[in-house]
Amino acid sequence: MRSYLLKRIPSALLVLLLASFAVFLILRLIPGDPATSLAGPDATPAAVHAIRARLGLDRPLLVQYASWLGALVTADLGPSYAIGGQVSDLIGNGLGATLELTGGALLLVVLLGSAAGMLGATSRNRAVRTLLRLFTTGALAVPPFVTGVVLVLLLAVGLGVLPAGGYRPLTDAPDLAVQYLAMPALCLALPSAAVLGRYLRDGLERTFTEDHVRTATALGVTRRRILWRHALPNALPPVVTVLGMQVGQLLGGAVLVEAIFAWPGLGQLAQQGVLRRDYPVVQDLLLLLVAVFVAVQLLTDIVHAWLDPRIRWE
């Protein structure tokens with residue numbers, strides 16, 4: 001495994017380098033000037049120019065890019081343009097809340113997706129299979145902002161069993177934190193759970209048609225034993241790969257879900273940074289998401305190889 005990691009790390013670093021250049025360039029192509037926004041509508045050209053010089057925006061783009069890379073290497077992210085404070089502090093303050101949200105959503109993805117996939121592949125009840133198909137189709141078709149509004153109207157306004165929004169840290173009051181976490185985590189998890197459930201169901205159904213499973217069935221082995229001992233281990237490797245891809249979807253979807261439920265995480269920080277054209281905040285956040293996605297994909301490949309003995313590290 002060590003040689004495998006040594007081979008993958010250079011390609012991962014190259015991906016991060018290319019992503020950093022793309023993020024840096026795309027942000028500069030967005031219409032608007034941070035210096036103009038900070039100076040205000042009545043500012044003189046001299047005042048705008050002074051702000052650009054203070055922020056380093058008057059330097060060539062390649063020089064700005066090299067300066068940003070140097071700051072990343074030294075872990076000195078610098079100050080925010082418009083929000084205020086150090087970028088590292090802003091990201092650190094929102095990172096815990098976003099990790100709680102994505103962690104809770106990932107747990108629901110595994111639970112709901114596994115239940116839907118196994119029940120859809122093993123149930124002989126036509127009504128149950130139809131309901132599961134409707135669930136997966138609806139979870140994929142309905143966008144998260146619609147799901148979020150429906151959940152708020154149903155569970156917060158109608159039944160009053162959960163708070164409509166806000167945040168409580170898990171370390172302060174776990175019981176209250178779970179109540180605040182339930183709706184945004186469910187809203188974020190539903191599309192990914194539907195994807196995972198479909199892949200698991202299809203994998204199990206294919207495994208049930210293989211010769212060794214038919215032989216075991218003919219010999220009188222129970223369907224439950226076949227599921228846990230034969231079908232599920234064969235269906236898991238591609239499902240793990242899909243789960244790793246869904247982590248990226250959860251991180252991207254957290255931006256919208258945090259806005260719906262007033263969740264003070266990195267999603268709200270990214271939204272503020274984009275609206276205020278705060279280059280340091282947005283580009284550091286985007287590159288952080290890319291780094292997390294690359295790390296998750298690397299971990300997914302390792303778990304896939306561990307689950308499937310046909311794959312060799314070489």
Side-chain angles (χ1 to χ4, degrees), residues 4-32 34 55-57 59-83 86-95 97-99 101-103 105-106 188 191-192 195 240-259 265-304:
Y4 173 78
L5 290 175
L6 291 176
K7 292 178 181 179
R8 288 294 304 273
I9 288 176
S11 61
L13 293 177
L14 178 60
V15 169
L16 289 177
L17 181 62
L18 295 176
S20 67
F21 184 75
V23 166
F24 180 87
L25 186 60
I26 290 173
L27 286 178
R28 269 64 182 179
L29 294 177
I30 298 176
L55 299 178
L57 298 175
R59 297 179 296 172
L61 288 180
L62 290 180
V63 175
Q64 296 181 44
Y65 176 68
S67 176
W68 176 46
L69 288 184
L72 291 175
V73 172
T74 60
D76 182 15
L77 303 183
S80 162
Y81 285 174
I83 299 176
Q86 294 293 315
V87 176
S88 56
D89 294 337
L90 294 174
I91 293 177
N93 293 335
L95 184 60
T98 296
L99 288 179
L101 176 58
T102 53
L106 185 60
L188 183 60
S192 296
V195 173
V240 169
T241 302
V242 173
L243 181 61
M245 297 174 62
Q246 293 308 306
V247 172
Q249 298 292 332
L250 294 178
L251 290 173
V255 176
L256 181 60
V257 173
E258 288 179 4
L266 297 181
Q268 281 198 1
L269 181 61
Q271 183 184 25
Q272 295 176 13
V274 171
L275 293 177
R276 300 184 183 184
R277 297 180 179 85
D278 201 326
Y279 289 162
V281 171
V282 178
Q283 62 193 20
D284 289 339
L285 279 176
L286 292 179
L287 190 59
L288 174 63
L289 294 181
V290 174
V292 171
F293 187 77
V294 170
V296 169
Q297 290 304 305
L298 182 59
L299 179 61
T300 299
D301 291 342
I302 294 174
V303 175
H304 191 161

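On a predicted model such as this, the values are computed, not experimentally measured, just so you know. FYI, the numbering just counts along the sequence from 1.
Distance check: T102 OG1 to L95 CG gives 8.5 Å after rounding to the nearest 0.5 Å. A distance of 12.0 Å separates CG in L243 from CD in Q249, rounded to the nearest 0.5 Å. With values rounded to the nearest 0.5 angstrom, L29 atom CG is found 10.5 Å from F24 atom CZ. Distance check: Q283 CD to D278 CG gives 9.0 Å after rounding to the nearest 0.5 Å. In this structure, L62 CG and F21 CZ are separated by 6.5 Å, a value rounded to the nearest 0.5 Å.
L269 places a side-chain heavy atom less than 4.5 Å from the side chain of I83. L251 places none of its side-chain heavy atoms less than 4.5 Å from the side chain of V296. Taking 4.5 Å as the limit, every side-chain heavy atom of V87 sits out of range of all side-chain heavy atoms of L285. Using a 4.5 Å cut-off on side-chain heavy atoms (C-beta onward), L69 and Y65 make contact. By the 4.5 Å heavy-atom criterion applied to side chains, I26 and L286 are not counted as neighbours.
Sorted by first then second residue, the side-chain hydrogen bond (donor to acceptor under 3.5 Å, both in side chains) pairs that include residues 68-78, not counting sequence neighbours, are W68-D284.
Of all the heavy atoms in Q246 and S192, the pair that sits closest is OE1-OG, 2.9 Å. Taking each heavy atom of L188 and A254 in turn, the nearest pair found is CD1-N, 3.7 Å. Nearest heavy atoms, R277 versus Y81: O-CD1, 4.3 Å. Closest of all the heavy-atom pairs between A97 and G265 is CB-CA, 4.0 Å. When every heavy atom of G273 is checked against every heavy atom of V282, the shortest pair comes out as C-CG2, 3.4 Å. Taking all atoms of both residues into account, the shortest heavy-atom contact from G267 to E258 is N-OE1, 2.5 Å.
A donor-acceptor pair under 3.5 Å links the side-chain atoms of Q64 to the main chain of R59, judged by distance alone.
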Which side-chain N or O atoms in residues 10-19 pair as donor and acceptor under 3.5 Å with protein atoms at least two apart or in another chain?
from, atom 1, to, atom 2, distance (Å)
S11, OG, R8, O, 2.7

Steps toward side-chain contact (heavy atoms from CB on, under 4.5 Å) verdict (L250, L101): CA-CA 9 Å; L250 294 178; L101 176 58; over 6 Å; no

